[in-house]
> 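Got a structure for you, written out below as structure tokens; questions coming shortly.
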Amino acid sequence: MIRVRFAPSPTGALHIGGAHTALFNWLFVRREGGRFVLRIEDTDRVRSTKEAEKTILDGLQWLGITWDEGPFYQSERLNLYRRYAEQLLENGLAYKEGSAIVFRTPREGATYFKDIVWGDIEVENGSLKDIVLIKSDGMPTYNFAVVVDDHTMGITHVIRGEDHIPNTPKQILIYKALGFEVPEFAHLPMILGPDKTKLSKRHGATAVGEYRNMGYLPEAVFYYLSLLGWSPKEEGDILYPQEIVKLFDLRDVTKRAAVFDLEKLKWINKLFIKDKSPAELAKAMRFFWLEKGYNIDDYPESYLQDVVAILQGRAYTLQELADYSDYLLKESLNYDKIILAEFIGVMKGEEWNSLIEEIKKIDPFVVENIDNAVRSWLNKRGVKLKGVGQALRYALTARRVTPGIFEVMTLLGKDRVVDRLERAVSLVVGESSNWQDA
RNA sequence: GCUCUCAUCGUCUAGCGGCCAAGGACACUGCCCUUUCAAGGCAGCGGCGGGGGUUCGAAUCCCCCUGGGAGCGCCA
């Protein structure tokens with residue numbers, strides 16, 4: 001039975017690197033069939049917090065990284081570490097130094113292991129220093145606790161970041177001293193910032209939660225992360241977790257550290273947004289709309305879904321999508337008077353009035369009818385749609401970029417369209433009908 | 001400094017001795033479509049770090065150099 005584990009220390013948020021590690025463990029174990037164990041490495045009494053732990057678990061759940069056992073806490077297993085440390089003391093393989101217990105590394109020979117992704121790795125034992133097992137405060141050190149935990153928890157495959165490669169020989173020495181079977185190791189490539197150094201806060205957002213708040217979809221983050229150090233034979237289409245599981249193979253993991261590319265993540269996020277059903281998306285949008293202060297409960301659910309449907313695929317994040325939907329979910333528009341005057345200026349006030357009258361007659365108020373009515377009115381007058389279309393767009397949305405203007409008009413409904421047009425025209429033309437560029 | 005390790009377009013990668021005058025994706029640049037944007041279509045830019053070998057033949061194997069990364073805590 002294959003058993004893997006993800007063992008974060010609760011000293012901060014779940015960051016991209018951690019999520020990447022958890023993800024690969026998850027893909028591997030779901031692919032091969034086995035159990036995913038979650039272990040909290042909270043032996044650093046000073047830096048560990050319950051809040052950090054919660055953030056990490058939330059982050060994993062958000063991404064859909066499920067675990068089968070745990071969370072287990074190292075802080076609750078202190079006796080275990082103590083007992084094994086004493087065993088080493090009795091065997092003469094470790095010694096006391098003050099109130100700490102230290103492992104005596106062999107001076108001769110070499111320690112070898114075959115990493116699933118890196119291949120053969122060998123280190124001269126002579127280059128290793130003695131290893132502290134139990135700290136003066138009675139807590140085990142990381143290198144000792146992992147060994148005891150991974151063994152007693154029956155972990156068969158240790159999958160973790162490349163930064164642990166130098167620790168591995170030390171741990172293997174301890175496994176052997178304790179008479180434990182050594183598990184398989186698979187080290188994952190590091191995730192770097194644009195400057196090619198280990199990704200950290202100074203590179204920008206590194207916490208998974210930040211991406212959630214910015215409006216990234218969990219599936220998108222999941223897919224993007226899976227692409228760092230691994231790749232499906234054919235890229236191009238988006239893949240959902242279950243599909244990735246089917247294609248995943250630890251042996252295909254790359255060794256070269258990968259630079260985190262936000263541009264690509266954004267693009268992937270856009271694809272996933274586009275792929276969502278309007279109902280699902282509308283649900284996910286609630287948080288972002290509310291954050292914008294829109295009174296979304298004033299509108300029927302079906303309308304909200306229509307709003308999403310017309311906009312999805314044009315935004316990189318849900319936050320952007322919320323921003324783009326303002327004119328559909330807010331009743332008042334803030335025009336830039338100069339821009340409005342410029343757009344409305346493509347036609348005379350009386351022409352606008354005529355067009356508006358024409359629009360009032362459209363029934364039912366659907367895309368095809370609006371399109372026909374507006375175009376035939378324009379044809380009769382010999383006016384091009386280009387300028388008027390843009391004017392309509394700005395007058396109705398206070399934006400220069402929106403989905404197709406006839407789609408927008410349909411969604412807005414005849415009443416709002418007429419109201420907004422009349423107001424826009426009067427703002428520019430004024431009561432007197434003799435208006436100037438502002 | 002010591003130890004381990006990596007090295008294909010700007011970025012993520014395919015490639016595991018001949019099918020590679022190196023393929024895809026993101027980004028970027030044109031063009032088409034067009035009521036704006038996006039999408040879509042087409043075209044383009046751009047890379048095997050360097051030097052030695054091995055071989056009939058090397059991006060692929062070996063060595064050296066160079067460059068990068070990680071680790072070297074009674075942190076995890």
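Every chain is numbered from 1, with letters handed out A, B, ... down the list of sequences.
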> Of all of residues 146-157 of chain A, which get a heavy atom below 4.0 angstrom from RNA chain B, listed by number?
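Within this stretch, nothing sits under 4.0 Å of the strand.
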> Does A/Val123 offer a backbone N or O that forms a donor-acceptor pair with the side chain of A/Ser127 under 3.5 Å?
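No, A/Ser127 side chain to A/Val123 backbone: no donor-acceptor pair under 3.5 Å.
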> Does the ring center of A/Phe248 lie less than 6.0 Å from the ring center of A/Phe24?
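Ring-ring flag for A/Phe248/A/Phe24: true, centres closer than 6.0 Å.
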> Decide whether A/Ser226 and A/His20 meet the rule of one side-chain donor and one side-chain acceptor closer than 3.5 Å.
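Result is no, nothing qualifies.
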> Using a 4.5 Å cut-off on heavy atoms from C-beta on, say whether the side chain of A/Ile244 contacts that of A/Trp230.
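A/Trp230 vs A/Ile244: side chains touch.
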> Counting only non-hydrogen atoms, which of residues 395-412 of chain A are less than 4.0 Å from RNA chain B?
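Correct list: A/Arg400, A/Val401, A/Thr402, A/Pro403, A/Gly404, A/Ile405, A/Phe406.
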> Would A/Arg47 and A/Ser9 count as having a side-chain donor-acceptor pair, cut-off 3.5 Å?
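No, A/Ser9 and A/Arg47 have no side-chain donor paired with an acceptor closer than 3.5 Å.
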> Pick out the pairs of N or O atoms, protein on one side and nucleotides 47-50 of chain B on the other, that lie under 3.5 Å.
none

> State which residues pass salt bridge (charged side-chain N to carboxylate O under 4.0 Å, His left out) with A/Asp252; sequence neighbours excluded, sorted by chain then number.
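With neighbours one apart ignored, the set is empty.
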> What donor-acceptor contacts under 3.5 angstrom involve side-chain atoms of residues 379-388 of chain A, with partners at least two apart or in another chain?
unit_1, atom_1, unit_2, atom_2, d
A/Asn379, ND2, A/Arg375, O, 3.4
A/Arg381, NH2, A/Ser354, OG, 3.0

> In residues 308-329 of chain A, what residues come within less than 4.0 Å of RNA chain B, judged by heavy atoms?
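Of all residues in residues 308-329 of chain A, the ones placing a heavy atom under 4.0 Å from RNA chain B are A/Gly313, A/Arg314.
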> Which residues satisfy the side-chain contact (heavy atoms from CB on, under 4.5 Å) test with A/Arg202, sequence neighbours excluded?
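For A/Arg202, the residues satisfying side-chain contact (heavy atoms from CB on, under 4.5 Å) (neighbours in sequence not counted) are A/Asp195, A/Thr197, A/Ser200.
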> Going by distance alone, is a donor N or O of one side chain under 3.5 Å from an acceptor N or O of the other, for A/Tyr240 and A/Asp275?
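Result is yes, a qualifying pair exists.
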> Can you work out whether A/Lys386 or A/Gly229 has the more 5'-proximal nearest nucleotide on RNA chain B?
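With A/Lys386 and A/Gly229 compared, the 5'-side residue is A/Gly229.
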> Where along residues 14-26 of chain A does a heavy atom fall under 4.0 Å from RNA chain B?
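Residues of residues 14-26 of chain A that come under 4.0 Å of RNA chain B do not exist, since none gets that close.
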> Mind calculating the distance between CG (A/Leu262) and P (B/C28) to the nearest angstrom?
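Roughly 13 Å, once rounded to whole Å.
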> Answer yes or no: is there a donor N or O on one side and an acceptor on the other, between the side chain of A/Glu210 and the main chain of A/Ala207, under 3.5 Å?
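Such a contact is found between A/Glu210 side chain and A/Ala207 backbone.
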> Centres of the A/Tyr216 and A/Phe272 rings: under 6.0 Å?
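No: the rings miss the under 6.0 Å criterion.
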> For B/A25, which nucleotide is its Watson-Crick or G-U wobble mate, given both distances must be under 3.5 Å?
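The answer is B/U11, by the H-bond criterion.
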> For residues 133-141 of chain A, tabulate all N or O donor-acceptor pairs below 3.5 Å that involve a side-chain atom, not counting sequence neighbours.
unit_1, atom_1, unit_2, atom_2, d
A/Asp137, OD1, A/Met139, N, 2.8
A/Thr141, OG1, A/Val132, O, 2.7
A/Thr141, OG1, A/Leu133, O, 3.4

> Got a sec, which residues hit side-chain contact (heavy atoms from CB on, under 4.5 Å) with A/Glu53, two or more places apart in sequence or on another chain?
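For A/Glu53 the side-chain contact (heavy atoms from CB on, under 4.5 Å) partners, ignoring immediate neighbours, are A/Pro10, A/Ile40, A/Lys50, A/Leu57, A/Tyr73.
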> Can you list the residues that meet the ring-ring contact (aromatic ring centres under 6.0 Å, His included) rule with A/His151, with sequence neighbours excluded?
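With neighbours one apart ignored, the set is A/Phe180.
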> Looking only at the side chains, is there a donor atom on one of A/Asp149 and A/Tyr81 sitting less than 3.5 Å from an acceptor on the other?
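There is such a pair between these side chains.
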> Is the shortest distance from a Lys or Arg side-chain nitrogen in A/Asp323 or A/Lys292 to a carboxylate oxygen in the other one below 4.0 Å?
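So A/Asp323 pairs with A/Lys292 through a salt bridge.
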> What one-letter contact string describes nucleotides 69-76 of chain B from 5' to 3', where B marks a base within less than 4.0 Å of any protein heavy atom, S marks contact via sugar-phosphate atoms alone, and - marks no contact?
SSSSSBBB
